[in-house]
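Shown next, in structure tokens, is the structure this report addresses.
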Amino acid sequence: MKPEALEHLLLRYGEDLDHWPLWQRIGARRLLSRSPIARESLARVARENQLLRRAMAPTQMPAELLQGLERIPEQFPQHSAAPQTPHDGRHLFRIGAAWACACGLSGLLIGSTGLLGSAADDEALATLAFGIPGESEIHLENTP
């Protein structure tokens with residue numbers, strides 16, 4: 001193992017070699033036994049990690065501040081705006097009925113105003129879409 005690789009692994013796994021994968025641990029211990037630069041890197045990473053752990057340690061809150069925070073709910077109680085009522089399904093019926101009315105009225109409006117076109121347009125559309133000839137195109141050979 002080279003010192004650069006050791007440096008990378010120290011940053012990745014930390015200074016405790018027992019937490020490293022076995023095959024990397026063996027190479028790191030060999031390098032540490034013969035290289036003062038590697039030992040210096042290990043000591044530096046250990047110091048940095050100790051500083052980080054100390055900086056991230058939770059701090060104690062002053063007792064007065066903690067007691068003041070605990071009194072806030074007593075001084076300012078929370079009130080809900082309206083009581084919550086469970087839904088019983090009637091709202092779904094109302095929504096469905098509203099949609100059905102809207103669709104029915106839309107259909108009546110479109111059908112009564114002729115917004116979709118004339119009967120000739122319907123025949124041409126049926127011919128194009130389904131290959132069904134319209135009434136004007138049907139020719140019967142044997143008509144009585």
Side-chain angles (χ1 to χ4, degrees), residues 1-140:
M1 178 178 292
K2 294 183 180 183
E4 297 84 22
L6 177 72
E7 182 76 25
H8 175 73
L9 293 172
L10 282 169
L11 294 174
R12 184 172 183 178
Y13 296 117
E15 74 274 4
D16 188 3
L17 297 181
D18 292 333
H19 294 128
W20 289 28
L22 179 63
W23 62 276
Q24 292 175 336
R25 187 183 328 155
I26 294 169
R29 285 190 176 143
R30 283 184 189 154
L31 181 63
L32 287 168
S33 68
R34 62 186 164 157
S35 171
I37 295 173
R39 287 190 295 273
E40 186 179 305
S41 294
L42 177 65
R44 182 182 46 78
V45 169
R47 282 191 309 270
E48 290 172 357
N49 286 343
Q50 184 180 14
L51 288 172
L52 286 173
R53 282 191 292 272
R54 199 177 304 153
M56 293 174 35
T59 58
Q60 286 287 10
M61 233 190 250
E64 296 170 356
L65 178 62
L66 189 58
Q67 290 171 354
L69 290 173
E70 289 174 351
R71 283 193 303 264
I72 289 176
E74 298 166 0
Q75 295 171 354
F76 303 102
Q78 299 286 322
H79 300 288
S80 63
Q84 295 291 326
T85 56
H87 296 291
D88 57 359
R90 284 184 281 176
H91 70 288
L92 294 176
F93 175 75
R94 289 181 187 144
I95 292 171
W99 271 104
C101 289
C103 292
L105 289 174
S106 300
L108 283 174
L109 180 67
I110 290 172
S112 66
T113 58
L115 291 176
L116 293 181
S118 64
D121 291 340
D122 291 343
E123 288 181 19
L125 183 62
T127 303
L128 285 173
F130 304 109
I132 301 172
E135 291 178 9
S136 62
E137 297 178 17
I138 297 176
H139 302 289
L140 298 175

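Quick caveat: nothing in here was measured; it's all calculated off a predicted structure.
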Could you tell me whether a side-chain N or O of W20 sits under 3.5 Å from a main-chain N or O of I26, the two making a donor and an acceptor? no

Mind checking the CZ-CG spacing from R25 to D16? Nearest 0.5 Å is all I need. 9.0 Å

Show the nearest heavy-atom pair for residues A28 and L17, with the distance to one decimal. CB-CD2, 4.3 Å

Determine whether a donor-acceptor pair (N or O, by modelled atom type, separation under 3.5 Å) exists between the side chain of S35 and the backbone of L32. no

Locate the shortest heavy-atom distance separating A102 from S106; write the atom from each residue and the value. O-OG, 2.8 Å

Please lay out, stage by stage, how L9 and M1 fare under the test side-chain contact (heavy atoms from CB on, under 4.5 Å). CA-CA 11 Å; L9 293 172; M1 178 178 292; 3.5 Å; yes

With a 6.0 Å cut-off (strictly less than), is the heavy-atom count around CZ of R30, excluding the residue itself, greater than 12? no

Quick check on E40: does its CD atom have over 12 non-hydrogen neighbours (other residues, nucleotides or ligands) under 6.0 Å away? no

Heavy atoms of other groups near L11 CG, more than 12 under 6.0 Å: yes

Spacing of CG belonging to L10 relative to CD belonging to E48, to within rounding of 0.5 Å: 10.0 Å

Would you say that more than 12 heavy atoms from the other residues, nucleotides or ligands in this model lie under 6.0 Å from the CZ of R12, or not? no

Check R53 with E15, please: is the shortest side-chain N to carboxylate O separation under 4.0 Å? yes

Non-hydrogen side-chain atoms of E7 and E4 separated by less than 4.5 Å: no

Closest approach of L31 and A38, non-hydrogen atoms and distance? CG-CB, 3.8 Å

